[in-house]
Amino acid sequence: MTIEEQILHTLPQAVSDLYQAIMPANAFNLQETRKEFDGQITVVSFPITQFSKKSPEVTGEELGTYLQNAIPDVAAFNVIKGFLNLSISDSYWINSLEQAGNYQATANGKKVMVEYSSPNTNKPLHLGHVRNNLLGYSVAEILAASGYEVIKANLVNDRGIHICKSMLAWQKFGNGETPASSGLKGDHLVGKYYVLFDKAYKAEQEALVAQGKTEEESKKQAPLILEAQAMLQAWEAGDEAVLSLWKTMNTWVYAGFEQTYTTLGVDFKKYYYESNTYLLGKDSIEEGLKKGVFFKKPDGSVWIDLTADGLDEKLVLRADGTSVYITQDLGTAQLKYDDFGMDESIYVVGNEQDYHFKVLFLILEKLGKNWAKGLYHLSYGMVDLPSGKMKSREGTVVDADDLLAEMVATAKQRTEELGKVEGFTEEEKEKLYHMIGLGALKYFLLKVEPKKRLLFDPNESIDFQGNTGPFIQYTHARIQSVLNKANFGTNAKTNYSGALTSSERDVLVCLSQYPALLQAAAQEHSPALVANYTYELAKLYNKFYHEEIILKLEDKELKNFRLALSAATAKTIKKTMGLLGIQVPNKM
RNA sequence: GUACCCAUAGUUCAAUGGAUAGAAUUGCAGAUUCCGGUUCUGCAGAUGGGGGUUCGAAUCCCUCUGGGUACACCA
């Protein structure tokens with residue numbers, strides 16, 4: 001049992017014995033002791049005063065005495081106002097080292113799906129997608145590490161009018177250009193024609209306006225948009241020529257995406273395609289009509305009235321019987337559940353769709369789906385750049401591939417300036433630059449709470465000092481260097497029994513918090529917690545490293561202990577960075 | 001118009017309703033210069049305004065201001 005568990009186990013007993021009252025274990029408030037006070041674990045005694053009927057100070061004293069007598073590892077305590085600070089014995093912390101870095105959560109028997117990425121096949125990925133992919137991947141890794149069985153899913157938006165726009169433009173202006181003939185990455189090639197369509201479409205609109213039409217009219221009557229709509233109808237009717245072009249261009253796009261995913265280091269277990277799911281959901285409509293959840297308007301369209309829930313009336317099926325966005329999502333949700341029967345399902349989607357998911361989940365609940373309570377929208381904010389915000393419709397998008405390449409190039413330049421890569425082969429160098437460049441990007445994007453907008457500064461992210469990925473990578477490399485020089489294996493066993501210095505103890509306390517941190521991160525769906533924990537650990541280790549000697553120590557036991565402490569730190573850093581999708585080098 | 005989200009040092013981020021609001025960066029002063037230089041220490045600097053709830057509020061409630069997003073028979 002960990003010391004926290006022992007304390008939480010003993011506290012209700014203490015309240016019962018001392019004050020003849022019942023207080024459940026989860027009503028107690030444990031926290032890390034602030035550094036300016038003695039101790040490592042603090043019990044907040046305010047909530048207990050309602051049972052003790054005594055002042056916070058007296059309650060703290062009484063509980064402190066009780067805990068000290070009941071738990072051998074509680075070595076001492078002090079009370080400051082409503083805070084009972086417990087000092088845990090050095091031997092407890094030294095013993096905890098053996099487990100540090102080895103924590104493995106037991107399977108919790110639950111299944112969770114994380115759907116993320118969800119690209120459109122008409123253009124390449126941009127910075128916004130990057131945040132989505134990193135978040136989804138990291139949350140999936142965190143859940144897996146905390147005991148879930150995880151299914152990573154990708155719902156590809158491969159049909160619709162926007163796809164037809166790229167196709168039509170390629171037909172008209174492409175001259176048979178292919179990725180092979182042009183050397184362009186497939187998704188970029190298709191994206192190029194999407195942009196070309198938009199340009200030509202706008203020109204047509206302007207021409208119509210010049211002829212005296214209103215903007216509204218010209219938007220609808222421009223020949224290109226009419227053609228695109230016709231193409232969509234032909235696609236839905238199964239027209240072979242259109243389908244064949246669609247397949248060809250999709251192949252290009254997927255090859256391009258695959259490359260970007262590989263560079264990013266993300267993966268998926270299950271792909272869903274909207275071309276297969278866009279007709280789903282009509283069963284749910286039938287079901288809802290029968291149950292009286294939906295109602296039909298005189299024109300035949302189907303609606304749900306959510307005004308009682310503070311939302312609006314929402315269309316779920318058109319009068320002509322065709323689906324809308326939410327119809328598909330109802331069907332797809334059912335399909336996913338039928339496929340995997342998961343307990344929870346997480347949608348990683350930008351916060352501009354908050355309303356959509358609120359409605360979607362509410363409808364599924366009203367339809368009586370008992371799995372609806374396990375649905376969660378992991379909503380995230382936009383990514384801004386110092387030069388201004390990036391949004392696809394403003395044409396200032398930062399392309400994901402360009403960004404990744406630039407990060408790696410910057411990593412290369414910075415590393416070369418430092419001149420620490422002598423003795424590396426070309427291949428090792430490339431690998432290192434990739435690790436640093438992507439580590440910088442990933443860490444910077446993940447350390448911020450998902451729902452907040454974030455400002456991405458590429459230069460700051462790749463700084464080798466401060467709260468950055470490379471700083472943590474550097475700390476790891478430095479530890480490895482020490483371990484190598486000492487010829488120290490991974491065995492963290494130690495027989496050390498001396499007194500701890502404060503910097504040693506701080507590192508040990510931090511290491512021991514990993515299991516709780518992992519559970520919290522899983523619960524909150526928050527890679528940011530993991531990132532900030534890792535940074536804290538790296539900082540504490542650096543302080544220890546600076547204050548204490550390791551390699552030149554005469555005392556074998558102490559030296560061995562400090563090496564073991566270093567090894568456990570490196571192991572934990574590697575693990576938590578892995579949860580963020582970030583690799584750490586042994587040399588840099 | 002209605003709803004939702006956000007607002008913390010100059011800047012970028014933290015803080016399960018708990019102590020004197022932590023870091024990073026910037027600036028200034030210093031240490032180490034020993035195992036790896038990118039390490040460490042100190043100083044300076046912040047909860048948008050106004051009410052309320054609470055033993056205790058950056059956090060919960062109301063209101064105002066500012067920023068964003070959504071309210072499509074688009075996806």
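Naming: A, B, ... by sequence-line order, numbering from 1 per chain.
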Discussion item. I need the residues from residues 158-166 of chain A with at least one non-hydrogen atom less than 4.0 Å from RNA chain B; give them sorted by number, or say none.
Written reply: none

Worksheet item: Between A:Phe444 and A:Lys447, is there a cation-pi geometry (under 6.0 Å to ring centre, at most 45° from the normal)?
Response: yes

Worksheet item: Within the structure, does a side-chain N or O atom of A:Lys485 lie under 4.0 Å from either OP1 or OP2 of B:rG36?
Response: yes

Discussion item. If you compare every side-chain N and O of A:Arg34 against the phosphate oxygens of B:rA19 (OP1, OP2), does one of them come in below 4.0 Å?
Written reply: yes

Worksheet item: So, do A:Tyr535 and B:rA23 meet the stacking rule of ring centres under 5.5 Å and planes under 30°?
Response: no

Discussion item. Centre-to-centre under 6.0 Å for A:Tyr474 and A:Phe471, is that the case here?
Written reply: no

Worksheet item: Any side-chain N or O of A:Lys447 under 4.0 Å from OP1/OP2 of B:rA24?
Response: no

Item to complete: Between B:rU39 and B:rG18, how far apart are the P atoms? Round to whole Å, please.
Response: 32 Å

Worksheet entry | NZ or CZ of A:Arg159 within 45° of A:Tyr278 ring axis and under 6.0 Å | yes

Worksheet item: Is the gap between the ring centers of A:His356 and A:Tyr325 under 6.0 Å?
Response: yes

Discussion item. Taking the ring of A:Tyr116 and the ring of A:Tyr380, is the distance between their centroids below 6.0 Å?
Written reply: no

Worksheet item: Does the B:rC6 base have a donor-acceptor partner in the side chain of A:Asn351 within less than 3.5 Å?
Response: no

Worksheet item: Taking only residues two or more places apart in sequence, or in another chain, which ones meet A:Ala516 in a side chain to side chain contact (heavy atoms under 4.5 Å, CB included)?
Response: none

Fill in: Gap in Å between the two P atoms, one belonging to B:rC6 and one to B:rG17, rounded
14 Å

Worksheet item: Which sits closer to the 5' end of RNA chain B, A:Phe464 or A:Asn120, going by the nucleotide each is nearest to?
Response: A:Phe464

Worksheet item: OP1, OP2 of B:rU20 versus side-chain N and O of A:Lys81: anything below 4.0 Å?
Response: yes

Fill in: P gap between B:rC61 and B:rA44, integer Å
35 Å

Worksheet item: Counting any heavy atom closer than 4.0 Å, what does A:Asn122 reach on the DNA or RNA strands: base, sugar-phosphate only, or nothing?
Response: nothing

Fill in: Dot-bracket encoding per residue of RNA chain B, Watson-Crick/G-U cut-off under 3.5 Å, | denoting interstrand
(((((((..((((....[...)))).(((((.......)))))....(((((..]....))))))))))))....

Item to complete: Just call it for A:Glu536: base, sugar-phosphate, or nothing, with non-hydrogen atoms closer than 4.0 Å on any strand.
Response: nothing

